[in-house]
Amino acid sequence: MKKVTRFFSLLLAIAMVLAMNFGTLSVMADGDTYTITIKSDKTGHTYDAYQIFTGDLSDDGNTLSNVKWGTGIDGTELITLLKADSTVGSLFKDCKTAADVADVLGDGTKIDSDGAKIVADIIDNYLSTNSVSATATSTGGTELGSDSKYTYTISGVSAGYYLVKDRDDSVIADGDAYTDIILQVVNDVEVNAKAVYPTVTKTVNQSSYYEGETVTFTLTGTVPDTSAYDKYEYIFNDTMSPGLTYNTGSITVKVDDSDVDDTEYSVSTGTYTESGSEYNGGTTIKVSFEDVSKYSGKSIVVTYTATLNENAVVGNDGNPNKVYLEYSNNPNTSGGGEKGKTPEKEVVVFTFEVDVTKVDGTDNTKTLEGAKFVLMNSTQTMYAVKDSDGKISWVSDSTQASTFESDANGEFSIVGLGEGTYYLKETVAPDGYNLLSDLIKIEIEAEYEDASGTDTDDPNEAVKVTTLSATVTVGTGTGTTASGDADEGTVDVTVENKSGAVLPSTGGMGTKIFYTLGGILVIGAGVLLIVKRRMRND
């Protein structure tokens, strides 16, 4: 009897270490049949209870004697599986009954906790493979209120030892996972099911960028307790909208600030195809790990870079980037079984457009055609090159810089600028106007709000531009600020030119000065001629 008692103590210990990370367990009552109550923070589970062992329960409710196989267990088949295992099979070579198995497991000199875990895995796989009938099933959850948990009740179970698990193919919700098997002595019991699944976050270091600028994305995935799994697959699924170009080879992976060797994971890319989606035509990136069991309880950090390209969307539609994790979510099958999926995490990158109008410095209603400019970055070391749509990239060679020229309406646009400082340099003035000797500084500023409509300066929460403005300063003068259209992502600015001096054709002092100077020059020449003749005569 001591061996049987020790056996069930060992099994209960295994359940608590191996199992589904159920939390507190309390005995509620005693009687001929009992109830198992499971509380979970997730709805939609269906739990099945399997009676593995049964017997005669003592008056004090602590001892089970005359141990037999439970309901629905084919003991002969299960013993065959135990005997076939290469690690523990020899321990069960003489077993014929449930009591024989109990005798082996109850003898601490025959099997240790690692061996007992193997036995539990064999029972686990036996149940999953053979679909043993459950004693009772919960088919739904009832919300409990302030503690945000759901309760599941399995009633009418008789004395014995039970394995309780999610029914196969029943867990489909994002961000959820199958429970591992729990072994529990039957009395009325209540357990708190703790979810065992990973989470993922995504960060970007600023909200807006200019086209051609490098964007750094960081994906951080947590690894849950994986002790119940043979292996734990783990896949980052990242998708970029078409306005972002993945910089091939830029991926790095770290755990605890230490680099992870690239032999531990694989990287694959593709094209996202979903008609009508803002991601359609964008790039997909998968970073796949076959097994992250050794990182149980840690975080995996994936970093990569992309470039904001000529397809970038201006304004509030933005350029989104999203990620989700696929992960092993069923410890009740070999190798981690099917895959779960976390909710998606999305961040948005914004870019803007500056529309410039060239005007007369005296009469701002008069627009000027033919003014030419080059655009420089904040350090005046990079020059903008524009495509046929006016969208830009950047070069360090000034001779390759594109020219922005005001049209018949005095206008030109610069598409694809992030917040920050830029400089326009006039290279050709409009006909009849003086060339600007000073640089024109343009400072772009924006404010954002998150999904709840609250103002935010966190680029990882910003989903909408609420205000957009640009301040224009010529040389050391006083800047003027113009408000833009936050939704469209555009802001209008004006640049003035002063006209050159005009010489009057008749009248006025202008020509008189030339006449006077001309007369003086003639008189002076005559005097000089007379003096030279007198000198020769002398």
Side-chain angles (χ1 to χ4, degrees), residues 1-20 22 24-38 47-83 88 91-111 113 115-117 119-124 126-127 130-138 153-165 181-191:
M1 183 60 67
K2 289 182 178 178
K3 289 183 178 179
V4 173
T5 302
R6 188 162 63 248
F7 157 61
F8 286 119
S9 297
L10 176 59
L11 284 183
L12 183 57
I14 293 169
M16 294 301 101
V17 173
L18 236 200
M20 59 188 275
F22 273 95
T24 57
L25 178 154
S26 58
V27 177
M28 305 295 289
D30 191 34
D32 294 332
T33 61
Y34 307 97
T35 298
I36 300 173
T37 300
I38 302 167
Y47 295 106
D48 290 337
Y50 298 79
Q51 189 184 57
I52 304 303
F53 295 101
T54 187
D56 298 328
L57 191 63
S58 65
D59 292 339
D60 62 9
N62 295 321
T63 305
L64 195 71
S65 60
N66 300 319
V67 177
K68 306 177 189 66
W69 293 113
T71 305
I73 296 292
D74 184 335
T76 301
E77 184 176 355
L78 184 53
I79 289 175
T80 299
L81 293 173
L82 291 170
K83 289 180 178 181
V88 300
L91 300 177
F92 299 94
K93 62 184 178 62
D94 297 325
C95 291
K96 297 179 181 179
T97 66
D100 292 338
V101 174
D103 185 62
V104 172
L105 291 175
D107 189 341
T109 65
K110 293 182 179 180
I111 191 166
S113 59
K117 180 184 183 301
V119 172
D121 287 341
I122 292 170
I123 297 174
D124 174 347
Y126 167 75
L127 291 173
N130 293 275
S131 301
V132 177
S133 298
T135 302
T137 302
S138 169
T153 302
I154 302 175
S155 303
V157 294
S158 58
Y161 286 79
Y162 286 81
L163 291 158
V164 179
K165 69 169 189 174
I181 294 173
I182 182 172
L183 181 65
Q184 180 56 58
V185 177
V186 172
N187 282 297
D188 278 356
V189 294
E190 180 180 291
V191 290

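Not measured: the values here are computed from a predicted model.
For the atom pair CG of Leu81 and CD1 of Ile122, the computed distance is 7.0 Å after rounding to the nearest 0.5 Å. Summarising the geometry, atom CD1 belonging to Ile154 is positioned 7.0 Å from atom CG belonging to Asp48; distances are rounded to the nearest 0.5 Å. To the nearest 0.5 Å, the span separating CG on Leu91 from CG on Asp103 amounts to 11.5 Å.
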Requested in this report: Could you go through the side-chain contact (heavy atoms from CB on, under 4.5 Å) check for Thr153 and Thr35 one step at a time?
Outcome: CA-CA 7 Å; Thr153 302; Thr35 298; 3.4 Å; yes
Requested in this report: Verify side-chain contact (heavy atoms from CB on, under 4.5 Å) between Phe92 and Val119, making sure each step is shown before the conclusion.
Outcome: CA-CA 10 Å; Phe92 299 94; Val119 172; 3.8 Å; yes
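When all heavy atoms of Cys95 and Ile79 are compared, the closest pair comes out as O-CG2, 3.6 Å.
For the pair Val101 and Trp69, the minimum side-chain heavy-atom distance is below 4.5 Å. Looking at Ile36 and Tyr47, their side chains never come closer than 4.5 Å, going by heavy atoms from C-beta outward.
Scanning for side chain to side chain donor-acceptor pair (under 3.5 Å) contacts around Thr97 gives Asp100, with sequence neighbours left out. Residues satisfying the side chain to side chain contact (heavy atoms under 4.5 Å, CB included) test with Thr54, not counting sequence neighbours, are Gln51, Lys68.
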